[in-house]
Amino acid sequence: MTDSRRAATLPVSFFSQPTEQVARELLGTVVVSRIGGVRTAGRIVETEAYLGHTDPASHGYASRRHARNASLYGPAGTWYVYLSYGVHWCCNLVCEGKGLGGAVLLRALEPLVGLDAMMTRRGTTTRALLCSGPGRLAQALGITLALDGTAMRSSDVTVQRGETAEAADIVASARIGITKAADWPLRFTVRGSPWISRRT
DNA sequence: GCGCCGATTGGCT
DNA sequence: GCCAATCGGCGCC
C-alpha cells in the first residue's frame, strides 16, 4: 500500500470511471480546502451518485442543460457547485467526462482539520453539525460558486487518497430529499459512521 | 409575467 | 413535526 501519510491528490482517471463506482470509491478519501488561506479538511463518509442524462433526479438529465450547470458537462474531476433552495451551496465532482452529466454529490464528512474555522463558518461548536449534510459541509469548507467549473486537481479544494473503505463497510441506500427516481440505491455511506447526515 | 418546486437547513410550535 | 428563507428553472397564462 502507499504511504498514507503522504498526500496524493486523486488523478483525473479516478473520476473517469462510472459515476456510481466513483461515489463508492470516494468514501474514505479526504477533502482538503485552502479557501481563504484557511486549511480545513474532512474524510468523506457519505456520497450520492447522480447519473446524468439517464437519471431523472440529475441536474444533467435529458435537456436540463443550461449555462448555470455547464460545468456538469465538463471533464472528469471538474467541480460542479449549485445553490440549493436558494440558500445552500452543494458541491459535486463530475464523473466519466464524456459530457453525459454524471456527478457525485458530497453529502457528509468526518471533520479532521481546521475545526475552529469550520465552527466559525458554521456558527456552531457542535461537531456533529459541522459537515453532516451537503449544505453544511460546503459551508464548513468555505465552498461557494467560485469553485464551480474549476478542475479539482488545480483548485483550492482537492481530494486526497485516504483509507479505502472495505466493500462490506459501504451501505447503499435510497437518495435523500428527491422525488424523481427516489428508489434508486445511489446513496453510499460508511457503515456505522456517526458523521453521516441521516441514519440509514 | 406569475407561481410553484427543489439533490437543505435551522428555528419554532 | 411544521415551515420560512431565498433563488433559479420550468410550466403555464
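All chains are named by letter (A, B, ...) in the order of the sequence lines, taking the proteins before the strands, and each is independently numbered beginning at 1.
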S.K.: Below 3.5 Å is the cut-off: list the nitrogen or oxygen pairs between protein and nucleotides 3-10 of chain C, distance only.
M.R.:
from   : atom 1 : to    : atom 2 : distance (Å)
C/dT6  : O2     : A/Y85 : O      : 2.1
C/dC10 : OP2    : A/H66 : ND1    : 3.2
C/dC10 : OP2    : A/H66 : NE2    : 2.9

S.K.: Verify the cluster assignment for A/V159 and A/V45: are they in a single hydrophobic cluster under the rule of side-chain heavy atoms below 4.5 Å apart?
M.R.: yes
S.K.: Which residue, A/T19, A/L186, A/I44, forms the side chain to side chain contact (heavy atoms under 4.5 Å, CB included) with A/V104?
M.R.: A/T19
S.K.: Does anything in residues 176-198 of chain A reach DNA chain B, meaning a heavy atom under 4.0 Å, and if so which residues?
M.R.: A/I176, A/G177, A/I178, A/T179
S.K.: Which heavy atom of A/N69 sits nearest to which heavy atom of A/H59, and what is that distance?
M.R.: ND2-O, 3.1 Å
S.K.: Would one find more than 12 heavy atoms of other residues, nucleotides or ligands at under 6.0 Å from atom CD of A/Q21?
M.R.: yes
S.K.: Taking side-chain hydrogen bond (donor to acceptor under 3.5 Å, both in side chains) as the criterion, tell me which of A/N92, A/T150, A/D148 meets it with A/S71.
M.R.: A/D148
S.K.: Under the rule for side-chain contact (heavy atoms from CB on, under 4.5 Å), what residues qualify as partners of A/F14, not counting sequence neighbours?
M.R.: A/L10, A/P11, A/Q17, A/V22, A/E25, A/L26
S.K.: Does atom CZ (A/R153) have a neighbourhood of more than 12 heavy atoms from anything else shown, all under 6.0 Å?
M.R.: yes
S.K.: Please indicate whether A/R127 has more than 12 foreign heavy atoms, meaning atoms of other residues, nucleotides or ligands, lying under 6.0 Å from its CZ.
M.R.: no
S.K.: What are the 5'-most and 3'-most nucleotides of DNA chain B lying under 4.0 Å from any heavy atom of chain A?
M.R.: B/dG6 to B/dG10
S.K.: Tell me, please, which residues at least two apart from A/S132 pass side-chain contact (heavy atoms from CB on, under 4.5 Å).
M.R.: A/R136
S.K.: Just the dot-bracket of DNA chain B, please: which string comes out with Watson-Crick or G-U pairs under 3.5 Å, [ ] for crossing, | for another strand?
M.R.: ||||||.|||||.
S.K.: Does the distance from a Lys or Arg side-chain N to an Asp or Glu carboxylate O, for A/R107 and A/E48, drop under 4.0 Å?
M.R.: yes
S.K.: With P as the reference atom in both, quote the distance from C/dA4 to B/dC4 in angstrom, rounded to an integer.
M.R.: 13 Å
S.K.: For residues A/Q139 and A/R121, is any side-chain donor paired with an opposing acceptor at under 3.5 Å?
M.R.: no
S.K.: Take A/I35 and A/V157, measure what side chain to side chain contact (heavy atoms under 4.5 Å, CB included) needs, and give me the verdict at the end.
M.R.: CA-CA 7 Å; A/I35 288 173; A/V157 184; 3.6 Å; yes
